[in-house]
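We count ligands from 1, going down the list as the structure has it; atoms in each ligand are counted the same way.
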Amino acid sequence: QTVPDPRLVCPPVRVEDDRTGLNIETLKRAFLDNLFYIQGKFPDIATQNDYYMALAYTVRDRLLKRWLKTAQTYTEQGSRTVCYLSAEFLLGPHLGKNLINLGIYDDVQQAMEELGLDLETLLEQEEEPGLGNGGLGRLAACYLDSMATLEIPSIGYGIRYEYGIFEQDIRDGWQIERSDKWLRSGYPWEVPRPEWSVPVKIGGHTEQYTDERGRFRVRWVPHHVVMGVPHDTPLLGYQVNTANTLRLWRAEAAESFDFDAFNSGDYVGAVHEKMVSENISKVLYPNDNISQGKELRLLQQIFFVSCSLQDMIRIMEGQKIPLEKFHEKFVVQMNDTHPAIAVAELMRLLIDDHCMTWDQAWGITTRTFAYTNHTLLPEALERWPIALFKKLLPRHLELIYEINQRFLDDVRIRYPEQPQMLSQMSIIDESGERYVRMAHLACVGSMAINGVAALHTELLKQGVLHDFYEMYPKKFNNKTNGVTPRRFMVLSNPRLSRAITERIGPNWVKHLDELKKLESYVDDPNFRQEFRQIKFDIKQELATYIQQNYGVAINPNSLFDIQAKRIHEYKRQHLNALYIVTLYNRIKANPNIEITPRTFLFGGKAAPGYYTAKLIIKLINAIGDVVNRDPDVRDRLKVLFLKDYSVKFAQRIYPAADLSEQISTAGKEASGTGNMKFAMNGALTIGTLDGANIEIREEVGEENFFLFGMTADEVYARKAQGYNPYDYYQSNSELKLAIDRIASGFFSHGDRKLFQPLLDTLMHRDDYMLFADYQAYIDCQDYVGQVFQDVDRWTRMTILNVARMGKFSSDRAIRDYCEDFWKISPVPIEIEEYSPEAI
Ligand code: F55
């Protein structure tokens, strides 16, 4: 036995409640207690993970008091509440964020130091719950942070996937997937609430009957029942006492055994049933922006939606609020169509289980829901085959038919001379195999519909949801996305945040518009110098990380050019790759050419079944393998694909970027939110007029944004004219050279077949019009390289970018939702401060 480090021996208690006290002595004492009582370890054998857990529990204790007080206040006041329904919540690590929000980051750092521990190392231990794919799931997490910070009563409802988004590894340049086991070392941030479990019916058939009061009723006799068990996580706001709840449902078998099967000797069959039930919350579907139409996915949707709506009804009963007031007590925001079955499920609960009339139930339903659309891509619009629906949700299908019939009656009255409107707008797609169109159900059942950036909402109104816009123009209302500055500035970039606070005070963290005040420092030599130094230091740290983990030396003075997001053809990572190959070709043709040294960094996961996306990853790695080793390049170019991009890793990446790649084909990226996070951290954007890029450019000023490429209208016009990518290939010599170099096997050890599928698509279809935008992109990139050389100009641009990002706080977005859709105002939470005399 080694002798424990004397710093790790419990200090004497000085009175402050050691479960909630925030002073350094109390934090140390509580930490050591938790190490002993929760982790069951003496310091001499504790691992870094034990220390992380002990600290996490120390923080959790301090959250609980605020959390319970919040719940109690809402209950007493019967507060109107937002329920945010989302199949994904991509939260990121909790510990650092909670330390920031509690205002004890620095004290805990000191406390750990006094115990001989390093807070950074402990923070690194946390495995983030990757319960989302990308932008949509991360947006939900930012919104929960803002709702708590703005003291808005809210509940996030979703699924507690046992396996979140897969872990990505790169082998021989290819993505390989490994299962994500985020629960493996224990998850201290949740509290299971089995006492509030609810049953969810699946399959079977319906029966009609007349009840004791002579009313016509429908009874759903399910094939089986699955239980939803809530697991709650407190989400604390920034420097407020509000801690709202994220309630995620885990699926369990209704009975732990099918005793009939068990007793008849079919043990395995009995366990099988249990397994099938638990499958529902087993795994997150790893696709972004594509709907796969799998049975299990529909089960996941009805599962979490039904659990959540039943939970709301339980809450109303607990507060003795009559169910007729459902829409006064709750507003339910649907994050895309994944929860859209809620429209039918609420109707079912109100009519079948709570005896309401159709009109009464429909009145409530259409005053309750609001729907956010996140995509225009046709392949992402969810539709479910009728046969599948009937098999799993026979009662919902009946209700949807009835909703549709009544809706189509309205359409007929509105458009008496246009029968095609009926088939166009119907909730049921009858053009071939019959489907339920979830977006149509969401539109019909909601009071409000929004896109996630100005352009996106306009395109929705003109395109995908045009008919609904004509019929219900007042339901449509844009809500441009936002991101939380607590995580993506204060936590991820403490140095920049400190420099800002020193100049303009601390209020910007909650009122991001105040960043405007930085504009008066744009010519201040001290501030400029500090701003540059901060960026340089962070780049150097990332360079060290890359050296250690990838064995590649990168130059911290080079331009860090970063594209980090899911890999998708419409996001055009391969356009970026074409620029790299173009630069490389120029160097090969003229080794002494003057070019701005650049480090190209990529991060992002490809859906496991998306072959082209995986080939793009391979291409980037293949280019990197050649370019990084070629002595002719003389370290002027480096290309790296950083594996396993996650929220945790994103927090390291944004602060290190000089240039943010936002280069989607115009009209395809609904909003983008990474674009905002990069710019807030002083990166300049090279981007198309797509999604929120347009509004970012408007805010920062066109002279501080690198714009290139076709507009959405030009994209449509070019397509309509008949677009032939091959013409561009033939007439643009640099483009041809780049494509030919890849085709020749130069980057693939002579293998000419490897990238052919990708090149063929580009040369003959090029759905995302890389070739049409190629020259504009190359020119713009070259210009970026020139501007980067002008350090003063670049610095000025980056400061102005940060100063003008106020609009893109998720606080602004949430305030807009509150005013326009939710009609909810803040409910402050009071907490009696602990006072030793009170004991
Ligand atoms: C996941 C599953 C399905 Cl079936 C469909 C879509 C997704 C998904 O992950 N979508 C997604 O992330 N959409 C993104 O939402 C962001 C937040 O609004 C936008 O910024 C981004 O443009 C959009 O692609």
**Request:** Within a distance under 4.0 Å of any heavy atom of Ala670, pick out the atoms of ligand 1 and give their elements.
**Result:** 22 (O)
**Request:** State whether Asp429 and Arg383 are salt-bridged, where the test is any N-O pair (Lys NZ or Arg NE/NH1/NH2 against Asp/Glu carboxylate O) under 4.0 Å.
**Result:** yes
**Message:** At less than 4.0 angstrom from any non-hydrogen atom of His374, what atoms of ligand 1 do you find?
**Reply:** 15 (O), 17 (C), 18 (O), 23 (C)
**Contact with ligand 1 for Gln292, non-hydrogen, under 4.0 angstrom** = no
**Message:** Show the atoms of ligand 1 that are less than 4.0 angstrom away from any heavy atom in Tyr570.
**Reply:** 24 (O)
**Asked** Using a heavy-atom cut-off of under 4.0 Å, does the side chain or the backbone of Leu136 touch ligand 1, or both, or neither?
**Response** both
**Message:** When you compare ligand 1 with Ser671, is there at least one nitrogen or oxygen pair between them that comes in under 3.5 angstrom?
**Reply:** yes
**Request:** Would you please indicate yes or no on a ring centroid separation below 6.0 angstrom for Tyr610 and His568?
**Result:** yes
**Request:** Output, in order, the C-alpha distance, side-chain angles, deciding distance and verdict of salt bridge (charged side-chain N to carboxylate O under 4.0 Å, His left out) for Glu295 and Lys391.
**Result:** CA-CA 10 Å; Glu295 173 168 332; Lys391 180 178 128 192; 2.8 Å; yes
**Request:** Please check if the distance between the ring centroids of Phe304 and Trp249 is under 6.0 Å.
**Result:** no
**Request:** Flag Glu669 as yes when one of its N or O atoms lies below 3.5 Å from any N or O atom of ligand 1, and as no otherwise.
**Result:** yes
**Request:** Identify which one of Asn450, Asp816, Asp820 satisfies the side chain to side chain donor-acceptor pair (under 3.5 Å) criterion when paired with Lys479.
**Result:** Asp820
**Asked** Could an N or O of ligand 1 be found under 3.5 Å from any N or O of Asn481, whether backbone or side chain?
**Response** yes
**Request:** Examine ligand 1 and decide if any of its atoms is less than 4.0 Å from a heavy atom belonging to Gly672.
**Result:** yes
**Request:** Please write down residue, atom name and distance for the protein heavy atom closest to atom 9 (O) of ligand 1.
**Result:** Asp288 CB, 3.4 Å
**Prompt:** Going by heavy atoms, is Asn287 under 4.0 Å from ligand 1?
**Reply:** yes
**Prompt:** For ligand 1, which atoms sit closer than 4.0 Å to a heavy atom of Gly135?
**Reply:** 12 (O), 15 (O), 16 (C), 17 (C)
**Message:** Please determine whether any non-hydrogen atom of Arg138 lies less than 4.0 Å from an atom of ligand 1.
**Reply:** no
**Message:** Taking ring-ring contact (aromatic ring centres under 6.0 Å, His included) as the cut-off, I'd like each qualifying pair that reaches into residues 646-684, sequence neighbours left out, listed once.
**Reply:** Phe488-Tyr654, Tyr545-Phe649, Tyr654-Phe678
**Complete:** Sequence neighbours excluded, the answer for side-chain contact (heavy atoms from CB on, under 4.5 Å) partners of Asp513 is none
**Request:** Note the single closest protein heavy atom to atom 3 (C) of ligand 1, along with its residue, its atom name and the distance in Å.
**Result:** His338 NE2, 3.4 Å
**Item:** Aromatic ring proximity, centroids under 6.0 angstrom, Tyr817 and Tyr143
**Value:** yes
**Prompt:** Looking at ligand 1, does Ile290 have a heavy atom less than 4.0 Å from it?
**Reply:** yes
**Request:** Give the numbers and elements of all ligand 1 atoms closer than 4.0 Å to a heavy atom of Val452.
**Result:** 18 (O)
**Request:** Measure Lys668 to ligand 1 on non-hydrogen atoms and call it side chain, backbone, both or neither using the 4.0 Å cut-off.
**Result:** neither
**Prompt:** So is Asn289 polar-close to ligand 1, meaning N/O to N/O under 3.5 Å?
**Reply:** yes
**Item:** Min heavy-atom dist Arg566 to ligand 1 below 4.0 Å
**Value:** no
**Asked** For the salt bridge (charged side-chain N to carboxylate O under 4.0 Å, His left out) test, which of Lys571, Arg566, Arg572 pairs with Glu669?
**Response** Lys571
**Prompt:** Could you give the distance from CD1 (Ile427) to NE2 (His440), rounded to the nearest 0.5 Å?
**Reply:** 9.0 Å
**Request:** Give a yes or no on whether a salt bridge exists between Asp811 and Lys510, defined as a side-chain N under 4.0 angstrom from a carboxylate O.
**Result:** no
**Request:** Report, as yes or no, whether the 6.0 Å neighbourhood of atom NZ on Lys719 holds more than 12 heavy atoms from other residues, nucleotides or ligands.
**Result:** yes
**Asked** Relative to ligand 1, is Ala380 under 4.0 angstrom through side chain, backbone, both or neither, heavy atoms considered?
**Response** neither
